[in-house]
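Values reported hereafter were calculated over all heavy atoms of this structure, with side chains retained and with hydrogens, waters and symmetry mates removed. All values derive from a computational prediction rather than experimental measurement. The sequence lines fix the lettering, A, B, ..., with proteins before strands; numbering per chain opens at 1.
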Amino acid sequence: MAGTKVKLDTHTGAHDHHHDDHHDHHHEETFISKYIFSQDHKMIAKQFLITGIIWAFIGVMFSVLFRLQLAWPNESFPILEMLLGGWAEGGKLAPSFYYGLVTMHGTIMVFFVLTAGLSGTFSNLLIPLQIGARDMASPFLNMLSYWFFFAAGVVMAISLFVQTGPATGGWTVYPPLSALPEASPGSGLGMTLWLFSMVLFIVSSLLGGLNYITTVLNMRTKGMTMMRMPLTIWAFFFTAILGVLSFPVLLSGCILLLFDRSLGTNFYLSDIFIGGEPLVNAAGDLMQGGSPILFQHLFWFLGHPEVYIVILPAMGMVSEVLATNAKKPIFGYKAMVLSILAITVLAFLVWAHHMFISGMNPFVGSIFVLFTLLIAVPSAIKVFNWIATIWRGNISFTPAMLFAIGFVSLFISGGLTGIYLGNSALDIPLHDTYFVVAHFHIVMGMAAGYGLFTGVYHWFPKLFNGRMMNRTLGYFHFWVTFIGSYCIFWPMHYMGMTGVPRRYFQFDTFETFNVYQDLNVFITVAAIVVFFGQFLFVINFFYSAVKGPRMKNLNPWKSNALEWTTPMKPGHGNWPGAIPSVHRWAYDYGKNGHEFIPQVVPNGAVDTKEKNTKGAH
Amino acid sequence: MLTTILGLITIILILIILFQISKASEMLATLKGEDKSMNMANKGNALMFMLFLIFGLVGSVWSTFHYADLFLPVPSSVHGIWLRNMFFWTLVATVPVFIVTHIALFYFTYKYQHSKDRKSYYYPHNNKLELIWTVIPSIVLILLVYEGIRNWYKITGEAPKSSMIVEATAQQFMWNLRYSGADNQLGSKTVKNIGKDNGLNVLGQIWTDAKNHDDFLADELHLPINKPVLVKINSIDVLHSFYLPHFRVKMDAVPGIPTQFWFIPTKTTEQMRQELDDPTFNYELACAELCGQAHFNMRRVVVVEEEAEFEAWKAKQKTTYAKIKEAAAAESGTASAAEKEDETKEMSSL
Ligand code: HEM
Ligand SMILES: [Cu+2]
Ligand SMILES: [Cu+2]
């Protein structure tokens with residue numbers, strides 16, 4: 001081992017002639033250029049992460065508030081009135097504010113936390129560090145990307161305080177409900193702000209995505225061929241492609257909805273009687289010919305790829321962390337890359353599985369059944385490959401590793417229920433019930449959240465100048481979260497088996513659905529425990545960022561990847577000297593008795609016995 | 001309030017204690033050596049995963065059987081039974097995968113916990129193995145797709161000619177149920193007419209269309225047993241979804257785009273009451289698409305009965321057309337001649 005390290009050092013030294021002094025331009029940094037309008041990808045990553053954590057706190061707290069209503073529909077909670085004032089008069093949530101909380105919860109979690117907070121953070125942090133680049137292709141656009149995200153958040157936050165309340169139509173904002181202010185108070189100013197915020201968010205994600213793609217394609221260091229990239233980079237790369245191709249469709253959907261709301265068009269409106277009279281256009285004729293289903297197509301054309309935008313980065317980081325801590329190469333690297341590719345392609349062909357019973361032509365539905373169940377194949381391959389990766393490994397249980405293992409478990413549990421929902425006929429009884437809530441929280445919400453934790457615990461030293469998080473707190477955090485998430489979402493399958501619909505303010509109007517009082521209490525208690533459990537993470541995060549011990553070794557997880565060749569406090573430009581070049585793939589773990597062989601180690605520097613193991617990588 | 005504050009204080013105390021324990025253990029680690037403490041952590045976490053596996057599997061099976069009593073009873077429709085079978089076969093395909101992959105995941109996690117003496121096995125790929133676990137899931141999924149699409153076409157296919165036609169029109173926040181009457185044909189309507197005829201024309205029926213004259217509205221959805229019924233579904237304001245949990249029926253109500261669903265009820269309300277030993281049991285109609293503040297409150301009772309009972313019920317219903325004519329006649333007794341003229345004009349112009 002020691003031998004390897006020595007050679008590593010000589011190697012980087014020997015490449016001094018590659019030195020380009022690009023990084024020298026950034027020496028005079030003011031507070032504003034360093035911490036606020038920073039163009040350093042590592043600082044931008046931190047900005048995304050911390051903003052994401054703040055949003056996660058708000059989004060999860062909202063879910064706890066509305067879970068109180070579901071568990072104790074007849075009780076009054078003075079604390080609610082204290083927090084929400086008129087929205088919870090007498091300590092009981094008003095139905096329209098309940099729906100406002102649900103809508104904001106979904107929007108915040110999917111877009112602000114799991115898209116911006118996850119992909120924004122780690123694409124920014126890891127793409128340059130792992131491919132060996134000094135920064136993104138365009139640091140300026142990268143900075144804009146963050147500030148557009150920030151602005152989107154400000155607008156969404158303002159919508160919480162307008163008099164008619166935030167949007168209440170669910171995170172899917174289906175018109176006509178979202179198009180007609182007469183239909184619901186939340187469809188007034190709150191909805192306009194929602195759409196405006198989304199437009200800003202989409203701009204942010206397009207700027208970020210184009211940058212990620214360009215950087216991965218053009219700025220890899222010498223020797224870093226595509227097939228030598230860590231799976232993290234492959235995942236970020238395809239995530240960016242998905243986003244760039246699908247977000248514009250949502251943008252057009254949102255803009256048409258804005259037109260319907262304010263310019264008197266009727267793209268989505270037809271034959272409507274609201275507020276005591278028929279809905280007419282400027283000429284006084286009944287509005288006809290619009291289609292609410294059109295919006296659903298535009299929404300889900302992004303909406304489905306969106307779930308993969310959320311989950312692919314998590315998959316990439318989980319692959320990297322599993323291999324690193326099991327000290328084994330990721331099993332079937334090529335199959336992993338191909339299955340990410342297959343998922344990316346198929347993700348564009350399955351959107352209408354959210355619309356089987358929307359009134360869409362049943363024949364169209366059947367095509368989507370086929371593609372939807374096909375997408376389960378690459379998903380299954382990934383699961384098998386992860387399990388094969390830890391088989392006969394030598395596993396160190398770092399907190400990151402725990403979350404990575406937890407991720408695989410959740411992805412299995414949640415992915416399998418997708419097979420029920422994706423089969424249109426079976427979706428008839430299950431659609432819009434708690435079964436769906438269980439499915440997508442486990443496979444997307446929880447799993448991607450675990451990806452986020454995996455990433456933070458693993459790359460924390462690269463975010464905060466070599467400081468480490470506290471391991472023991474990480475363990476407590478993992479076990480509370482892991483046991484807790486199953487306690488919250490597993491029982492929801494049972495409610496789905498009773499056909500209990502989602503988005504119900506209370507269940508006691510229906511004899512059929514009002515049979516899970518105890519279970520609802522159980523779920524809410526578990527949710528509260530998990531919510532407070534997250535403080536273990538938050539405390540650890542902020543405490544360690546300031547006071548955490550620095551790593552004793554520049555490569556604490558004994559990883560092969562490039563980011564661990566940067567110094568304790570990498571400045572803007574990442575490597576003080578030349579960018580190291582790469583001589584092998586990222587997964588030479590356990591090869592020829594070497595625990596790990598970093599990518600920067602040339603072939604000659606380690607045992608040459610390896611010649612006989614196929615050198616495809 | 002007091003309990004809330006006490007609760008919060010307890011939580012904060014717990015967090016502080018955990019924080020202190022963690023800091024202490026970090027210090028201990030530097031004293032005892034990082035390796036030793038990592039060793040303990042590895043053992044502890046590996047064991048936890050094993051316990052999680054055992055309690056998780058036992059717990060998930062136990063709770064499923066525990067709650068099975070609360071699941072919807074055996075479907076009361078013909079296609080509901082097909083779906084039940086499909087659900088069963090999907091369970092057969094997925095439950096073993098769930099169990100086997102989880103055992104593998106957590107057992108390997110436990111077994112291959114770090115040990116100084118073990119060297120990990122360099123095993124980057126095995127094409128044959130990967131081919132196997134690509135092909136087998138593909139075959140299973142294709143079978144499920146085949147079975148699924150076959151049922152889907154049967155369910156969404158054309159309704160039998162003999163189907164009774166009923167209409168469900170959604171609005172915030174109720175279902176309007178219209179029966180097609182003796183001609184088994186629904187008369188045409190337009191939202192422009194809603195609320196006309198002194199508010200009695202709730203659906204906006206067009207009276208010049210004679211098919212409307214025998215249509216009647218009902219407060220409950222009555223259905224004869226073992227006869228196909230075709231529900232024409234639509235909405236006059238926002239999206240809703242026509243949802244009959246016991247019959248496994250669900251279809252969105254879309255303003256401007258009529259949708260439909262046909263099915264055959266196979267058990268009367270009375271039979272269900274006996275079967276479930278619940279004399280107050282009722283089938284229910286609900287809304288399954290978020291439609292606004294009172295979305296959770298769009299209930300109608302559904303009654304399935306013997307043909308004779310159904311006919312008797314039907315005979316008692318009054319058509320909307322007749323109600324409006326009666327109201328107009330009652331009014332004409334008191335109203336002025338001019339107004340009367342107005343009203344008749346309005347009715348005939350529609
Ligand atoms: C095994 C592969 C999967 C299949 C076959 C599948 C299938 C489905 C289907 C058919 C629905 C619609 C159900 C309904 O509304 O009735 C659905 C909902 C959903 N799925 Fe998946 N899914 C899979 C994996 C995923 C993944 C990986 C994610 C996220 C990372 C995800 C996130 C979601 C979300 C967010 C919803 C809810 C959408 C809503 O608000 O209605 N799914 N899934
Ligand atoms: Cu989808
Ligand atoms: Cu509704």
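- Applying the 6.0 Å contact sphere to NZ of Lys111(B) captures no more than 12 heavy atoms from other residues, nucleotides or ligands.
- Taking each heavy atom of Ala288(B) and Asp432(A) in turn, the nearest pair found is O-OD2, 2.9 Å.
- Residue Asn39(B) does not touch chain A at all, counting heavy-atom pairs closer than 4.5 Å.
- With a 4.5 angstrom heavy-atom cutoff, Gln113(B) touches chain A via backbone and side-chain atoms both.
- The shortest distance between side-chain heavy atoms of Leu83(B) and Pro429(A) falls below 4.5 Å.
- Contact record, Ile419(A) with Leu141(B): CD1-CD2, 4.0 Å, taken as the closest heavy-atom pair.
- Atom CZ of Arg118(B) sits in a crowded spot, with more than 12 heavy atoms from other residues, nucleotides or ligands closer than 6.0 Å.
- Looking at Leu8(B), only its side chain comes within 4.5 Å of chain A, counting heavy atoms on both sides.
- Residues Thr512(A) and Tyr283(B) fail the side-chain proximity criterion, which asks for heavy atoms closer than 4.5 Å.
- Phe482(A) has its ring centre less than 6.0 Å from the ring centre of Phe52(B).
- For Phe505(A), the parts sitting under 4.5 Å from any heavy atom of chain B are the backbone and the side chain alike.
- Asn45(B) and Trp479(A) share a donor-acceptor pair across their side chains, judged by distance under 3.5 Å alone.
- For the set Lys552(A), Lys328(A), Met287(A), the entry with the most heavy-atom pairs within less than 4.5 Å of chain B is Lys328(A).
- Looking at Tyr494(A) and Thr64(B), their side chains do bring a donor and an acceptor atom within 3.5 Å of each other.
- For Tyr516(A), the part lying under 4.5 angstrom from a heavy atom of chain B is the side chain only.
- Looking only at heavy-atom pairs under 4.5 Å with chain B, the residue among Val500(A), Ile395(A), Leu370(A), Asp271(A) that has the most is Ile395(A).
- Only the backbone of Thr168(A) comes within less than 4.5 Å of a heavy atom of chain B; no side-chain atom from C-beta onward does.
- In this structure, the portions of Trp391(A) lying under 4.5 Å from any heavy atom of chain B include both its backbone and its side chain.
- One N or O on the side chain of Lys250(B) and one on the backbone of Ile428(A) form a donor-acceptor pair closer than 3.5 Å.
- The ring of Phe478(A) has its center closer than 6.0 angstrom to the ring center of Phe49(B).
- A donor-acceptor pair is defined here as one N or O able to donate and one able to accept, closer than 3.5 Å; no such pair exists between the side chain of Glu511(A) and the backbone of Phe281(B).
- If you run side-chain contact (heavy atoms from CB on, under 4.5 Å) between Pro362(A) and each of Ile149(B), Thr156(B), Ile155(B), only Thr156(B) comes through.
- Interface residue Ala46(B): backbone and side-chain heavy atoms are both found under 4.5 Å from chain A.
- Neither the backbone nor the side chain of Asn127(B) comes within less than 4.5 Å of any heavy atom in chain A.
- Looking at Gln506(A), both its backbone and its side chain come within 4.5 Å of chain B, counting heavy atoms on both sides.
- Proximity to chain A (any heavy atom under 4.5 Å) is shown, for Ile14(B), by neither the backbone nor the side chain.
- Interface remark: Thr398(A) contributes backbone and side-chain atoms alike to the contact with chain B (heavy atom separation under 4.5 Å).
- Between chain B and the residues Ala183(A), Ser184(A), Gly393(A), the most heavy-atom pairs under 4.5 angstrom are made by Gly393(A).
- Side chains of Asp588(A) and Tyr122(B): a donor on one and an acceptor on the other come within 3.5 Å.
- For the residue pair Lys23(B)/Tyr543(A), the side-chain donor-acceptor check at 3.5 Å is satisfied.
- Contact annotation for His246(B): only side-chain heavy atoms (C-beta onward) come within less than 4.5 Å of a heavy atom of chain A.
- Side chain to side chain, Tyr420(A) and Thr94(B) meet the donor-acceptor criterion of an N or O pair below 3.5 Å.
- Between chain A and the options Val254(B), Asn234(B), Ile11(B), Asn151(B), heavy-atom pairs under 4.5 Å are most frequent for Ile11(B).
- Between the side chains of Ser22(B) and Arg471(A), no donor N or O sits under 3.5 Å from an acceptor N or O.
- Proximity of a side-chain donor or acceptor of Asn394(A) to a complementary backbone N or O of Ser120(B) within less than 3.5 Å is not detected.
- Proximity to chain A (any heavy atom under 4.5 Å) is restricted, for Phe261(B), to the side chain, taken from C-beta onward.
- Closest heavy-atom contact between Thr498(A) and Phe71(B): OG1-CA, 3.5 Å.
- Contact count versus chain B (heavy atoms, under 4.5 Å) is highest, among Ile390(A), Leu269(A), Ile293(A), Val529(A), for Ile390(A).
- For the pair Thr509(A) and Glu284(B), the minimum side-chain heavy-atom distance is 4.5 Å or more.
- Taking every heavy atom of both residues into account, Leu177(A) and Gln172(B) meet most closely at CD1-NE2, 3.9 Å.
- Asp237(B) contributes no side-chain N or O that, together with a main-chain N or O of Ile274(A), makes up a donor-acceptor pair within less than 3.5 Å.
- Contact annotation: the side chain of Glu289(B) never approaches that of Ser358(A) to less than 4.5 Å [non-hydrogen atoms, C-beta and beyond].
- Heavy-atom distances place no part of Asp508(A) under 4.5 Å from chain B, backbone and side chain included.
- Remark: the backbone N or O of Gly499(A) is paired with a side-chain donor or acceptor of Tyr243(B) at under 3.5 angstrom.
- Using a distance-only test at 3.5 Å, with no hydrogens or angles considered, no donor-acceptor pair links the side chain of Ser424(A) to the main chain of Trp152(B).
- A ring-centre distance under 6.0 Å is found for His295(B) and Tyr504(A).
- Interface remark: Tyr153(B) contributes side-chain atoms only to the contact with chain A (heavy atom separation under 4.5 Å).
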